[in-house]
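Handing you this structure, nothing more for now.
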Amino acid sequence: MTSTLTPQPVERAKPERPGTAPRRRTRVLALPEARWAAAATAFFLLALPLQLTGAPAWAWGPLYALSYVTGGWEPGWEGLKALKERTLDVDLLMVVAALGAASIGQVMDGALLIVIFATSGALEALATARTADSVRGLLDLAPATATRLSPDGGEQAVSVEELTVGDTVLVRPGERVGADGRVLDGASEVDQATITGEPLPVPKERGDEVFAGTLNGTGALRIRVERDASDSVIARIVRMVQEASETKAPTQLFIEKVEQRYSLGMVAATPAVFLVPLAFGEQLTDALLRAMTFMIVASPCAVVLATMPPLLSAIANAGRHGVLVKSAVVMERLGQVDAVALDKTGTLTEGSPRVTDVRPLPGSGLDEGELLTLAAAAERPSEHPLARAVVDAARERGLDLPDAADFTSAPGVGVTAVVGGRTVAVGAPARLLDDAPGTAAELEESGRTAVLVVVDGAPAGLLGIADRLRPDAAATVASLATLTGTAPVLLTGDNPRAAAHLAAEAGIDDVRAGLLPQDKLAAVQEMERAGRKVLVVGDGVNDAPALAAAHTGIAMGRAGSDLALETADAVIVRDELAAVPATVALSRRARRLVVQNLVIAGVFIAGLVVWDLAGDLPLPLGVAGHEGSTVLVGLNGLRLLREGAWQRAAGGNG
């Protein structure tokens, strides 16, 4: 039941909040798989209490029959179509197994199997639809219209699809850029986190490149269009996610691959078990009973349950600890990873800038508290992320901020205000002074953003601002290196200097910085072609193509973009990075339990089949042995529900 994304026509909608695509949510009951599964479940829940309370068969029998029909007709039909292509589909086998159970009086068991199977198919269809919703909604990050300037200076509002290469567009403060292009005139700071993942707005002036869908700051920009709307970076991200989802190898549980061959053998053997004894003179009833017993004891129920309880228990345990693993296939694949690629902003870091250094300059007469007070008071009216970081730092220190007067803001330069009768300017050192203090270069070399504070025309001090490493980042990197045998790789759109500094703190040597979404995708594909099973951990729109193409993708949930959350195979809901290696370790333990269960199921099946073929195995005893092995492997798999299983995985003993 593997599904892929297929391109769909896009209708634009207004974004619900800045920086995110609108939620295009497919309703659950809009999917036929969900409607049929709901109907099958409803009929089953109506029939079960009637049967258990001793009601006559005519009361609950038709309800079970309706459950079989509503939940089983679609997978059965798909299985029959697969037979035409000479493929024995698992869907058909499950339906046949359910009908076989009903034929020997196990009507409730067969109906339960149908309900579980139909529900599983509905959940997979819903996950696929929601991912497609998010991919299509991504295009709404780019505005529907843009202001095109004519040669005589006139303005015209046009659809972004009408823009052609060479057009000039005007982007006012607070608007989104309508097309990929290059700045002709103006200065501003543009938030392009959706494209590069950088946590801070980037200064833009004449000659700089800008991308559709990014958010303009406080300055106005005139931009020359350099790409058609269909070839913008945002549009290419959509195509890359779709293509990665479609070309990613179809996945299925290992046991389903084994079951294909096993079931073919069982289907072929059952008529032989009936016909051969009949040909040698055995009574028709006895031959039929022997064949029915063989079909029951040789059926792969215990083999199927050998896999699902450990994986589902691991999913449930991970869910209790804030990790949403979207399917049993994903839980199995997590244990196979042997290489990890990490995003920086919002993944290894907290995703918001913070003041890390407060350095008064000699001769300023200010201490750290006074310097920070003046800077924060001047910055308080500003909405710039750096300004918020400065104000937050002052509040964390309990500083009282005086009111500021005559506030002005210059895009790409900084702010100026009068605080306590003193003129205070806060901004980029190179923009405020021709000869910036050497301390500014020192801060920038260490991966921080330097902010200069000028008081009454004289440099008074510098602030260092950086995105802070998560407290558990270094330990997580070490755990992942131990689990996979290789150190993680850092893939980031941030600048090389900041990336290298943070990677050194986290213990990462392989750093690839300044990457656009297609570069991240190419890096993952290169690792995959080298034979690695890559786990990608990210949170942004720019990570989505890599998340889709990787062997397994995990998204950070708290600040993750809608597209990343829908594209990823698992989501860290509580934003605890240490949960990533714990989940990988739990998956590996689940895989070991699967092997144990397969051995148990194989021993039982082999013993019962030999008894039936070589001796005279009573049907009730065959059913008891078959069900007993099924219960045994099921209980063995449920061991992963215990709290101790997660603790051992989190401690590196998965």
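Position 1 is the first residue of the sequence, and the numbers go up from there.
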Do Thr416 and Phe407 have side-chain heavy atoms sitting under 4.5 Å apart? no
Using modelled atom types and a 3.5 Å cut-off, is there a donor and acceptor pairing between side-chain atoms of Thr482 and backbone atoms of Ala478? yes
With no hydrogens and no angle check, is any side-chain donor or acceptor of Thr356 less than 3.5 Å from a backbone partner on Gly464? yes
I'd like to know if the side chain of Arg422 and the backbone of Val455 have a donor-acceptor N/O pair within less than 3.5 Å. no
Does any non-hydrogen side-chain atom of Leu372 lie less than 4.5 Å from one of Arg397? yes
Salt-bridge criterion met for Glu209 and Arg227 (N-O under 4.0 Å):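 A salt bridge links Glu209 with Arg227.
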In Å and rounded to the nearest 0.5 Å, what is the OG to CG distance from Ser188 to Leu215? 9.0 Å
State plainly whether the residues Arg470 and Glu505 are in salt-bridge range, i.e. N to O under 4.0 Å.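 A salt bridge is absent here (no side-chain N lies under 4.0 Å from a carboxylate O).
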Going by distance alone, is a donor N or O of one side chain under 3.5 Å from an acceptor N or O of the other, for Gln336 and His551? yes
Side chains of Asp343 and Lys520: closer than 4.5 Å at any heavy-atom pair? yes
Do side-chain atoms of Glu175 reach the backbone of Arg172 as a donor and acceptor pair under 3.5 angstrom? yes
Residue pair Gly369 / Thr373: nearest heavy atoms and the distance that separates them: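 Result for this residue pair: O-OG1, 2.7 Å.
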Does a salt bridge link Asp338 with Lys533, judged by any charged N lying under 4.0 Å from a carboxylate O? no
Looking at side-chain heavy atoms only, is the closest gap between Glu576 and Val323 below 4.5 Å? no
Taking all non-hydrogen atoms of both residues into account, name the closest pair between Gly514 and Asp519 and its distance.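 Heavy atoms only, the tightest pair is O-OD2, 4.4 Å.
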Salt bridge (charged side-chain N to carboxylate O under 4.0 Å, His left out) evaluation trace for Arg448 with Asp357: CA-CA 9 Å; Arg448 291 162 172 77; Asp357 300 84; 2.6 Å; yes
CG-CZ distance between Leu640 and Arg592, expressed to the nearest 0.5 angstrom: 9.5 Å
Quick one: does Arg206's side chain have a donor or acceptor within less than 3.5 Å of a partner on Asp185's backbone?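 Answer holds: no.
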Closest approach of Ala499 to Leu490 (non-hydrogen atoms, all atoms of both residues):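 The pair with the smallest heavy-atom distance is O-CD2, 3.9 Å.
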Please find the pair of heavy atoms, one from Ala481 and one from Ala487, that lie closest to each other, and give the distance.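 Shortest heavy-atom separation between Ala481 and Ala487 comes out as CB-CA, 4.0 Å.
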Sub-3.5 Å donor-acceptor pair from the side chain of His321 to the main-chain atoms of Asn317, do we have one?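 The answer is yes, because a donor-acceptor pair under 3.5 Å joins these two groups.
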Is the backbone N or O of Ala579 less than 3.5 Å from a side-chain atom of Thr583, with the two atoms forming a donor-acceptor pair by type?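 Yes.
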Quick one: does Asp191's side chain have a donor or acceptor within less than 3.5 Å of a partner on Pro201's backbone?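 Side chain of Asp191 to backbone of Pro201, a donor-acceptor pair under 3.5 Å: no, none is there.
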Going by heavy atoms in the side chains, are Glu189 and Lys204 under 4.5 Å from each other? no
State, with a plain yes or no, whether a side-chain heavy atom of Val426 is found less than 4.5 Å away from one of Leu452. no
Just how far is it from atom OG1 of Thr486 to atom CG of Asp510, taken to the nearest 0.5 Å?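 So the gap between those two atoms works out to 10.0 Å.
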Search all heavy atoms of Glu350 against all heavy atoms of Leu469 and return the closest pair with its distance. OE2-O, 4.5 Å
Can you check whether Arg176's main-chain N or O pairs, donor with acceptor, with Asn216's side chain at less than 3.5 Å? no
Near Asp400 CG, under 6.0 Å, is it more than 12 heavy atoms from other residues, nucleotides or ligands? no
As an exercise, state the distance from CZ of Arg532 to OG1 of Thr484, rounded to the nearest 0.5 Å. 7.0 Å
For the atom pair CZ (Arg512) and CD (Glu526), what is the distance rounded to the nearest 0.5 Å? 5.5 Å
Check this for me, if you would: do Arg354 and Asp467 make a salt bridge, where the nitrogen-to-carboxylate-oxygen distance has to be below 4.0 angstrom?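 Between Asp467 and Arg354 there is no salt bridge, as every charged N stays at least 4.0 Å from the carboxylate O atoms.
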Heavy-atom side-chain proximity of Phe211 to Val177 below 4.5 angstrom: no
Over all atoms of both residues, closest heavy-atom pair of Ala389 and Ile465: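 In terms of heavy atoms, the two residues are closest at CB-CG2, 4.4 Å.
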For the atom pair OG1 (Thr347) and CD1 (Ile554), what is the distance rounded to the nearest 0.5 Å?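 Between Thr347 OG1 and Ile554 CD1, I get 10.5 Å after rounding to 0.5 Å.
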Close side-chain approach of Val340 and Val534, heavy atoms under 4.5 Å: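 No, their side chains stay 4.5 Å or more apart.
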Among Val330, Leu547, Val325, find the residue that satisfies the side-chain contact (heavy atoms from CB on, under 4.5 Å) test when tested with Asp569.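 For Asp569, the side-chain contact (heavy atoms from CB on, under 4.5 Å) check succeeds only for Val330.
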Could you tell me whether a side-chain N or O of Thr492 sits under 3.5 Å from a main-chain N or O of Ala513, the two making a donor and an acceptor?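 Looks like no, no N/O pair under 3.5 Å.
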